[in-house]
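Written out below as structure tokens is the structure these notes cover.
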Protein chains: 2
Amino acid sequence: MTDLDRFDRQLLNLVQQDAALTAEQLAEHVSLSASAIQRRLKRLREQGVIQRQIAVLDAAAVGQPTTFIANLQVESERPELMARLRAWLDAEAAVQQAFYVTGEADFVLVVTSWDAVSYEALMARLLADNPHVRRYTTQVAMGVLKRGLVLPVPQ
Amino acid sequence: MTDLDRFDRQLLNLVQQDAALTAEQLAEHVSLSASAIQRRLKRLREQGVIQRQIAVLDAAAVGQPTTFIANLQVESERPELMARLRAWLDAEAAVQQAFYVTGEADFVLVVTSWDAVSYEALMARLLADNPHVRRYTTQVAMGVLKRGLVLPVPQ
DNA sequence: AATGAAAAAAACGGACC
DNA sequence: GGTCCGTTTTTTTCATT
């Protein structure tokens with residue numbers, strides 16, 4: 001872990017909420033000059049602490065996609081099959097998140113799709129391309145209460 | 001749904017990947033002038049299609065938090081209890097995502113926490129503050145294969 | 001109504017101390 | 001880390017379709 005001082009942690013919490021804040025606006029909350037803040041943000045980006053900046057869209061505005069949560073069970077956990085699945089999931093834009101978990105399922109996926117039909121088509125391809133995926137169950141999200149990627153950074 | 005033309009959809013797909021691109025850089029992919037692109041982005045922000053811009057952090061760099069997936073079962077789905085739970089989840093920074101789902105569980109939460117102890121403490125508070133939450137099961141993420149919020153916007 | 005080009009204003013990114 | 005200053009980017013304005 002990179003060591004982050006109090007200023008870094010403050011900045012990280014702020015830019016996780018709003019990455020469009022200017023250095024000057026950030027300076028109102030962090031007692032540093034705008035230049036110092038820019039230097040720190042640049043360093044945090046270079047170190048990879050800040051991986052990227054993204055725009056978060058309103059789901060309704062881009063066509064009311066439905067969120068599905070898929071629980072996968074796999075037969076084998078051989079590294080090359082894992083790598084293949086990982087690559088498959090990465091390439092699939094509809095897959096928002098993928099976790100390798102303990103418990104009943106082996107993987108939990110968060111998938112957005114236009115409807116049940118296109119979701120089933122996606123999962124059919126997943127099974128076809130990854131033979132070691134044995135089966136899956138699905139939960140359909142009737143509502144999304146919260147949707148973010150914020151990692152709380154303690155001050 | 002706001003109607004979005006081909007240019008808007010192109011821009012949305014680009015800024016979901018990288019919100020730090022300048023208008024001039026975007027102009028290399030979208031056949032519009034930088035001015036037109038900035039006007040469109042401004043409009044998309046004002047319309048709420050682009051809800052916000054956020055920085056995505058490297059989880060490892062901010063202290064190796066663990067991701068937990070909690071499946072909640074609630075006793076009652078009365079609107080005021082739902083609203084209370086929603087507010088509770090919103091206020092809790094460790095809760096990254098919350099879905100109201102069909103199937104066995106009623107809610108699926110994606111939670112990041114420093115360790116099992118702080119996760120259990122969080123869930124204990126959740127139960128204490130929301131009496132209609134009957135029980136929950138937990139899946140612990142051993143690995144995060146993918147982590148994003150991209151909504152594919154068809155061209 | 002929306003575009004492209006050109007102007008003004010703001011923000012950024014080094015070099016310096 | 002703060003200040004200064006040239007450069008880049010955004011924002012506003014304006015003429016054009």
Side-chain angles (χ1 to χ4, degrees), chain A residues 1-63 148-155, chain B residues 1-58 61-63 148-155:
Chain A
M1 174 180 170
T2 328
D3 51 49
L4 307 167
D5 66 15
R6 194 173 64 84
F7 295 123
D8 290 328
R9 293 194 296 268
Q10 280 186 314
L11 287 174
L12 291 174
N13 279 323
L14 289 167
V15 296
Q16 281 191 101
Q17 306 292 337
D18 187 355
L21 291 169
T22 65
E24 210 153 331
Q25 290 172 314
L26 289 167
E28 294 169 15
H29 298 90
V30 181
S31 51
L32 284 175
S33 70
S35 292
I37 286 170
Q38 277 173 351
R39 275 194 293 265
R40 279 168 179 269
L41 289 177
K42 185 187 177 211
R43 195 198 69 226
L44 291 167
R45 282 192 297 265
E46 287 170 352
Q47 289 177 333
V49 176
I50 295 175
Q51 289 184 329
R52 56 210 177 98
Q53 293 172 229
I54 62 170
V56 180
L57 307 190
D58 175 26
V62 296
L149 291 178
V150 176
L151 300 175
V153 183
Q155 300 297 343
Chain B
M1 175 178 173
T2 327
D3 52 48
L4 306 168
D5 66 13
R6 195 173 63 86
F7 295 125
D8 290 328
R9 292 194 297 267
Q10 281 187 315
L11 286 173
L12 291 174
N13 279 322
L14 289 167
V15 296
Q16 280 191 102
Q17 305 292 338
D18 187 356
L21 291 169
T22 65
E24 210 152 331
Q25 291 172 313
L26 289 167
E28 294 169 14
H29 298 90
V30 181
S31 50
L32 282 175
S33 69
S35 298
I37 286 171
Q38 269 165 351
R39 272 194 297 263
R40 279 166 180 268
L41 289 176
K42 185 185 177 210
R43 195 199 68 224
L44 290 167
R45 283 192 296 265
E46 287 170 351
Q47 288 177 334
V49 177
I50 295 176
Q51 289 184 328
R52 56 212 176 97
Q53 293 172 230
I54 64 170
V56 179
L57 307 190
D58 175 27
V62 296
L149 291 177
V150 176
L151 299 175
V153 182
Q155 298 298 341

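Proteins come first, then strands; the chains are lettered A, B, ... in the order of their sequence lines, and each starts at number 1. All values below were derived from every heavy atom in this structure, side-chain atoms included, with hydrogens, water molecules and symmetry-related copies excluded.
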Quiz item: Is the shortest heavy-atom distance from the side chain of L41(B) to the side chain of L26(B) under 4.5 Å?
Solution: yes
Under 3.5 Å, N/O pairs linking protein and nucleotides 14-17 of chain C:
{"from": "dG14(C)", "atom 1": "OP2", "to": "K42(A)", "atom 2": "NZ", "distance (Å)": "3.1"}
{"from": "dA15(C)", "atom 1": "N6", "to": "R39(A)", "atom 2": "NH1", "distance (Å)": "3.4"}

Quiz item: Taking the side chain of R45(B) as its heavy atoms from C-beta onward, which of dG1(D), dT11(D), dT3(C) lies nearest to it?
Solution: dT11(D)
Tell me the interatomic distance from [X], atom [atom1], to [N], atom [atom2], rounded to whole angstroms.
| X | N | atom1 | atom2 | value |
| --- | --- | --- | --- | --- |
| D5(B) | dT3(C) | CG | C1' | 13 Å |
| R43(B) | dT3(C) | CZ | P | 8 Å |
| Q38(A) | dA10(C) | CD | P | 16 Å |
| I37(A) | dG13(C) | CD1 | P | 13 Å |

How close do [X] and [Y] get, heavy atom to heavy atom, and via which atoms?
| X | Y | result |
| --- | --- | --- |
| L149(B) | Q16(B) | O-OE1, 3.9 Å |
| A34(B) | A23(B) | O-CB, 3.7 Å |
| A19(A) | A55(B) | CB-N, 3.6 Å |

Self-check item: Residues touching DNA chain D, which here means a heavy atom under 4.0 Å, drawn from residues 6-33 of chain B
Solution: T22(B), A23(B)
Exercise. Not counting sequence neighbours, which residues clear side chain to side chain contact (heavy atoms under 4.5 Å, CB included) with R43(B)? List them please.
Key: D8(B), R40(B), Q47(B)
